[in-house]
Amino acid sequence: MAVNQETLFIGGEWVQPASSNRIQAISAATEEVLGSVPEGSPADIDRAVDAARNALKNSAWATATPEERSAAMHRFADAIEKRAPQIAEAVSSQNGMPIIMSEQLEAGYTVGLLRYYAELAKGMELEETRPSPLGSTTLVRREPVGVVGAIVPWNFPVILSMMKIAPALAAGCAIVLKPSPETVLDSVLIAEAAEEAQLPPGVISWVPGGRELGAYLVSHPGVNKVAFTGSSTAGRIIAQECAKLLRPVSLELGGKSAAILLDDMDLNAFVQAVPSVSMLNSGMACFSCTRILAPASRYNEVVEAIAAGVSSFPQGNPLDRNTVVGPMASSAHRQRVESYIAKGKTEAKLVTGGGRPASLEKGWFVEPTVFADVDNSAVIAQEEIFGPVLSIISYKDEADAIRIANDSIYGLGGTVWSTDSEHAAAVARQMESGTIGVNGYMPDLNAPFGGVKASGLGREMGPEAIFAYQQYKSIYLMG
Ligand code: NAD
């Protein structure tokens with residue numbers, strides 16, 4: 001694939017960018033240049049926010065009924081579906097996600113999510129009349145919150161964008177999307193699809209750029225709500241800015257989730273699930289269970305089985321359909337992961353991996369790595385590494401396992417493994433986390449997703465996400 005995009009998508013048109021700066025997309029596996037797009041600048045954000053405000057005041061979007069919004073969203077889903085193979089290839093080439101996964105999640109799940117919200121939009125009641133205790137009635141309205149500044153990272157760039165765009169469209173908002181500079185060739189396809197779906201001008205604009213541009217969007221006076229996914233560090237900065245502006249914000253941030261293996265678990269089933277639960281997208285997934293809590297009575301057996309499983313995962317070009325572990329998304333990110341591995345070697349016992357695969361000369365690969373004898377207070381057990389690096393921690397009894405799982409600044413994901421799923425669910429109830437899987441893990445688009453503690457504020461997905469893009473208005477009908 002070679003894409004050289006000359007224009008930005010703003011106000012329903014492909015327009016010349018305000019500056020001549022460009023963002024290059026680089027292949028994580030071959031280190032070759034895949035293409036480039038314009039880098040947005042503050043003047044482009046100004047235009048996009050103006051167009052979004054205009055769409056909410058003067059376009060067909062402002063007066064669209066829930067049914068009309070729903071139809072537009074289905075057209076948008078059709079246009080994304082048409083581009084599914086390009087989306088999967090663009091994501092996998094840029095950030096190294098195994099293609100099987102990008103097909104399922106970045107393309108397939110994205111379309112499913114959009115259609116799910118299109119259906120919710122269709123039947124949405126926007127006004128309700130309530131009797132008041134005073135004898136009068138009150139009209140309670142749900143109105144769109146307004147212009148949404150959506151800022152996303154590079155690890156699941158399309159689905160994370162759609163987790164904001166779809167409920168925001170269902171609510172009747174307009175969106176300015178700022179993707180991460182590491183992944184720009186996928187979101188241009190979202191913009192193309194928005195154009196093909198004939199969403200009214202300004203309902204979705206596409207302005208890629210780095211953190212300064214993101215910060216500019218967050219504090220823009222024309223933005224009514226910020227929806228952010230990314231690191232907890234950036235999330236804190238954005239939360240402070242939004243606090244100053246009294247601007248609603250939702251934050252999906254980092255994680256360091258635990259998999260609790262109860263002593264009656266099926267170890268083989270867990271090892272089979274490691275690629276999706278603990279090393280999804282080569283570990284570059286916010287909810288990865290990278291802390292594996294094993295009962296002391298089965299500790300050695302667990303370490304051996306996981307090490308054997310992990311070292312057998314096919315690693316290579318993400319476009320190869322057999323690949324289970326791809327490269328890191330960028331050279332800088334690989335360095336970060338490697339510095340954690342170096343730290344881990346001083347804190348725990350390296351059981352497998354720890355280096356770069358000798359057979360892969362190009363690309364930002366890191367071997368799938370397992371550390372044993374890890375204390376939960378170790379840096380590798382406390383900090384988000386965002387790579388294929390697992391820490392296996394021993395626990396004494398169930399209470400100890402729950403204590404260790406909760407001894408983290410984060411609370412995004414988690415899993416519990418047991419042949420008694422009711423018992424596992426009872427343990428899950430005691431975990432301080434926004435989402436937990438029993439004998440597996442996959443976010444359900446019909447249920448709220450998000451974190452507690454340093455993992456974020458607010459929820460995406462499920463009907464609940466729509467409320468984050470609406471505000472209530474009460475009209476007291478006194479006479
Ligand atoms: P990052 O925070 O560096 O950047 C994320 C996005 O925010 C990028 O588009 C970036 O340009 C922008 N940005 C950075 N600083 C900003 C600022 N001060 N103001 C406005 N915008 C700013 O994160 P990353 O390294 O790109 O992504 C990885 C992180 O994302 C990990 O911590 C991961 O856990 C997290 N993540 C969370 C979820 C979730 O749902 N909870 C999902 C995926 C990724």
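Quantities reported herein were computed from a predicted structural model and do not represent experimental measurements. In each ligand, atom 1 is the first atom listed, and ligand 1 is the first ligand listed.
Closest to atom 36 (N) of ligand 1, if we only count protein heavy atoms, is Cys286 CB, 3.6 Å. When hydrogens are left out, the protein atom nearest atom 35 (C) of ligand 1 is Gly230 O, 3.1 Å; that is the closest non-hydrogen contact. Among all protein heavy atoms, the one lying closest to atom 9 (O) of ligand 1 is Val152 O, 2.8 Å. For atom 31 (C) of ligand 1, the closest heavy atom belonging to the protein is Glu384 OE1, 3.3 Å. If you check which protein heavy atom lies closest to atom 23 (O) of ligand 1, you get Ser231 N, 3.4 Å. Among protein heavy atoms, atom 7 (O) of ligand 1 sits closest to Phe228 CE1, 3.1 Å. Nearest protein neighbour of atom 41 (N) of ligand 1, counting heavy atoms only, is Leu253 O, 2.7 Å. In terms of protein heavy-atom proximity, atom 11 (O) of ligand 1 is nearest to Lys178 NZ, 3.0 Å.
By heavy-atom distance, the residue among Ser288, Ala332, Gly214, Pro153 lying nearest atom 21 (N) of ligand 1 is Gly214. The option with the heavy atom closest to atom 18 (N) of ligand 1, from among Leu217, Leu177, Ile237, is Ile237. Comparing Phe156, Phe287, Trp154 against atom 25 (O) of ligand 1, the shortest heavy-atom distance belongs to Trp154. Summarising the contacts of atom 16 (C) of ligand 1 with Glu460, Met461, Arg211, the nearest heavy atom is found in Arg211.
Of all atoms in ligand 1, listed by their number and element, those nearer than 4.0 Å to a heavy atom of Ile238 are 19 (N), 20 (C), 21 (N). Atoms of ligand 1 lying under 4.0 Å from at least one heavy atom of Leu160, given by number and element, are 42 (C), 43 (C). Counting the atoms of ligand 1 from 1 in the order shown, those under 4.0 Å from a heavy atom of Phe386 are 28 (C), 31 (C), 33 (C), 34 (O). Residue-ligand proximity, Gly254 to ligand 1, at heavy-atom distances under 4.0 Å covers atoms 32 (O), 34 (O). Each of the following atoms of ligand 1 lies closer than 4.0 Å to a heavy atom of Asn155: 43 (C), 44 (C). With ligand atoms numbered from 1 in the order given, ligand 1 contributes 37 (C), 38 (C), 39 (C), 40 (O), 41 (N) to contacts under 4.0 Å with heavy atoms of Glu252.
For His333 (side chain) and Phe386 (main-chain N/O), a donor-acceptor pair under 3.5 Å exists by modelled atom type. Put simply, the side chain of Lys164 gets close to the backbone of Leu160: a donor and an acceptor are under 3.5 Å apart.
Heavy-atom distances between Gly210 and ligand 1 reach below 4.0 Å in at least one pair.
For NZ of Lys343, the number of neighbouring non-hydrogen atoms (other residues, nucleotides, ligands) closer than 6.0 Å is 12 at most.
Contacts of Ile151 with ligand 1, taken as heavy-atom pairs under 4.0 Å, involve the side chain alone.
A salt bridge between Asp50 and Arg47 is absent, with no side-chain N of the basic residue lying under 4.0 Å from a carboxylate O of the acidic one.
Residues Lys256 and Arg291 have side chains in contact (heavy-atom distance under 4.5 Å, counting atoms from C-beta outward).
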